[in-house]
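Below: one structure, written as structure tokens.
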Amino acid sequence: MIPLLEPHLGGNEARYVRECLDSGYVSSVGPFVERFEREFAAYVGSRYAVACASGTAALHVALRLAGALTGSLVAVSDFTFIASANAITYTGAEPLLVDSEPRTWNMDGELLHDEVTRRARLGERIPDVIEIVHILGHPAEMDALLDLRDRYGITIVEDAAESLGARYTRGPLAGRHVGTIGTLGCFSFNGNKIITTGGGGMITTDDPDLATRARHLTTQAKLPGPGYHHDQIGYNYRLSNIAAALGVAQLEQLPAFLNAKRAIAATYDRVLADLPVTLPPRAPWAAPSFWLYSTILHSAPEARDWILHDLAIHGIQARPMWPPLHSQRPHTSARRLGGPMADQLFQSSLSLPSSTPLAPRQQATLAAHLRDSFFTLFDFHGAGAGPWRPPLMATGSRPV
Ligand SMILES: *Cc1c(COP(=O)(O)O)cnc(C)c1O
């Protein structure tokens, strides 16, 4: 079986975990937590980093620090993993689901900008916080959002859970990493993310006060000193020293992981170039991290499902992307801004195995099966076949 995304534990993981076991520091106190935070902050270029139990926990605390609470409105992408929006509802705030734009598939900042400008003119309620998600490893366009921040004092929190290592390469943000543009940034180290701690997350910020408050909230809001004194409702959200030990080892391999992801994406680009699919976005001003290679098929969702099925028979795990949040039961009543883009992205989407341990030979086999699937499904003869023709099969049927 070739999995969609699997962790790559190829470095000092065992050695560092062994050090935790030998020293007895296995819980949320220990030298690896501090080291992971320091090295992570240095890597992404933020002044502070606060390790958390998960990416979702990081988002929850970051949103709370950004001012999200009962009665506030937080703009977020409609097209993202559900944790982005769940974290908003944990704070008591209400999500405003904003549609995607076609250039990066991330939140349509211009759409939000127009709406906020209109509402502000009419004296209507505007979002208190923008949670910008950088999906699938591709940085989001920030210009319109930064303008909203400057004009209306809206706080920006970045959900960079999928995009560690992605950067901007041109314009005023050139050289900056995702997760360091907003007031607070959040990352995930879940098993399927770019680096993993088994489960974990990170909050980044340049603001010393926010970093202190993040650390405080994630440790049950316990006041310094020997007693059990707490000044507010906090959380048990700290990362363990064992998990941080994995994180330090993974961070050492991050440049190699990013190179591997880039090579995998380049191979898929080549393999799919002549097929009726939309390749993943690649803005000229961005250096994506290519977390999960995802495409849109120019055909009915049923055709995509058939390809998924056919790949599964050959031991290849592929997946559709996320159904838009507005179609997910917990968020069906959320306010929405925008049109059909999120639905269109989901409908015929296909994510392909993108693990860094994926060997070039494995990927070649996979690519061959993928092309076979396409050729079986469609009356399609490769490059120069002329215009796109519909599937041979009737919609909804399976040619097996
Ligand atoms: C994975 C993910 C999260 C949540 O991270 P966990 O560590 O799994 O809690 C949040 N947002 C996005 C976009 C993600 O992909």
Side-chain angles (χ1 to χ4, degrees), residues 7 13 16 27-66 80-81 83-84 86-87 90 131-135 137 139-140 156-167 176-219 234-255 257-258 289 291:
E13 287 86 354
Y16 294 163
S27 195
S28 58
V29 174
F32 280 111
V33 177
E34 190 269 333
R35 184 170 157 195
F36 187 36
E37 291 177 339
R38 184 164 28 85
E39 292 178 0
F40 191 91
Y43 178 82
V44 299
S46 71
R47 282 182 69 192
Y48 305 96
V50 179
C52 298
S54 71
T56 312
L59 280 172
H60 180 192
V61 168
L63 288 165
R64 200 174 137 177
L65 290 174
T80 177
F81 179 57
S84 308
N86 286 355
Y90 298 166
E131 182 193 334
I132 179 68
V133 190
H134 305 279
I135 59 161
I156 296 179
V157 172
E158 294 174 77
D159 178 350
E162 300 174 359
S163 296
L164 173 58
R167 287 172 295 113
R176 304 266 298 270
H177 277 252
V178 296
T180 66
I181 316 294
T183 302
L184 295 139
C186 298
F187 295 86
S188 164
F189 313 124
N190 188 29
N192 64 353
K193 298 291 160 62
I194 297 202
I195 65 169
T196 186
T197 58
M202 193 72 85
I203 298 173
T204 47
T205 184
D206 286 339
D207 181 327
D209 179 50
L210 288 176
T212 304
R213 285 164 64 203
R215 203 158 273 127
H216 184 59
L217 279 178
T218 54
T219 45
Y235 312 97
N236 179 11
Y237 276 175
R238 282 296 267 168
L239 192 71
S240 76
N241 199 48
I242 290 189
L246 289 174
V248 170
Q250 289 269 291
L251 206 50
E252 293 169 348
Q253 300 161 81
L254 178 54
F257 290 172
L258 292 169
S289 64
W291 171 58

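Heads up: numbering here begins at 1 and tracks the sequence.
When all heavy atoms of G137 and P139 are compared, the closest pair comes out as O-CD, 3.7 Å. Between A62 and C186, the shortest heavy-atom contact is CB-SG, 3.5 Å. Of all heavy-atom pairs spanning A83 and T56, the tightest one is CB-OG1, 3.6 Å. L258 and S289 make their closest contact through CD2-CB, 3.7 Å (heavy atoms, listed as atom of the first residue, atom of the second, distance). Smallest separation of non-hydrogen atoms from R213 and L65: CB-CD2, 3.7 Å. Contact between V50 and A214 at its shortest, heavy atoms only, is CG2-CB, 4.1 Å.
Side-chain atoms of Q253 and E13, non-hydrogen and from C-beta on, do get closer than 4.5 Å to each other. I156 is listed as a side-chain neighbour of I132, based on a closest heavy-atom distance under 4.5 Å. Annotation: side chain of W291 is not in contact with side chain of S163 (no heavy-atom distance under 4.5 Å). Counting heavy atoms from C-beta outward, Y237 and L217 have side chains that stay 4.5 Å or more apart. Two residues are said to be in side-chain contact when any heavy atoms from C-beta on lie closer than 4.5 Å; F36 and M202 meet this criterion. Side-chain contact between R167 and R176: absent, with no pair of heavy atoms (C-beta onward) separated by less than 4.5 Å. Side chains of E39 and V248 form a contact here, defined as non-hydrogen atoms less than 4.5 Å apart. At least one side-chain heavy atom of N241 sits less than 4.5 Å from a side-chain heavy atom of P31.
F40 and F189 have their aromatic ring centers within a separation under 6.0 angstrom.
Atom OG1 of T80 is separated from atom CD1 of I135 by 7.0 Å, given to the nearest 0.5 angstrom. Distance check, rounded to the nearest 0.5 Å: CG of D209 to OH of Y48 gives 10.0 Å. Annotation: the span from Y90 atom OH to R64 atom CZ amounts to 14.5 Å, rounded to 0.5 Å. The CG atom of D206 sits 9.5 Å away from the CD1 atom of I181 when rounded to the nearest 0.5 Å. In this structure, the separation between CD on E158 and OG1 on T180 is 6.5 Å, given to the nearest 0.5 Å. Here the straight-line distance linking atom CG of L59 with atom CG of L184 works out to 10.5 Å at 0.5 Å rounding.
Of the candidates T197, N190, I195, T196, K193 forms a side-chain contact (heavy atoms from CB on, under 4.5 Å) with just one, namely N190.
Remark: E37 engages R215, R238 in a salt bridge (charged side-chain N to carboxylate O under 4.0 Å, His left out) (not counting sequence neighbours). For R47, there are no salt bridge (charged side-chain N to carboxylate O under 4.0 Å, His left out) partners, not counting sequence neighbours. Applying the side-chain contact (heavy atoms from CB on, under 4.5 Å) rule to S240 yields the partners I242, A243; only residues at least two apart in sequence or on another chain are considered.
Using a 30° and 60° split on the angle between ring planes, Y16 and F32 fall in the tilted class, from 30° to 60°.
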Practice prompt. Evaluate the criterion side chain to side chain contact (heavy atoms under 4.5 Å, CB included) for residue pair F81 and D159; output intermediate values, then yes/no.
Written response: CA-CA 10 Å; F81 179 57; D159 178 350; over 6 Å; no
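A distance-only check finds a donor-acceptor pair linking the side chain of T205 to the backbone of T183 [under 3.5 Å].
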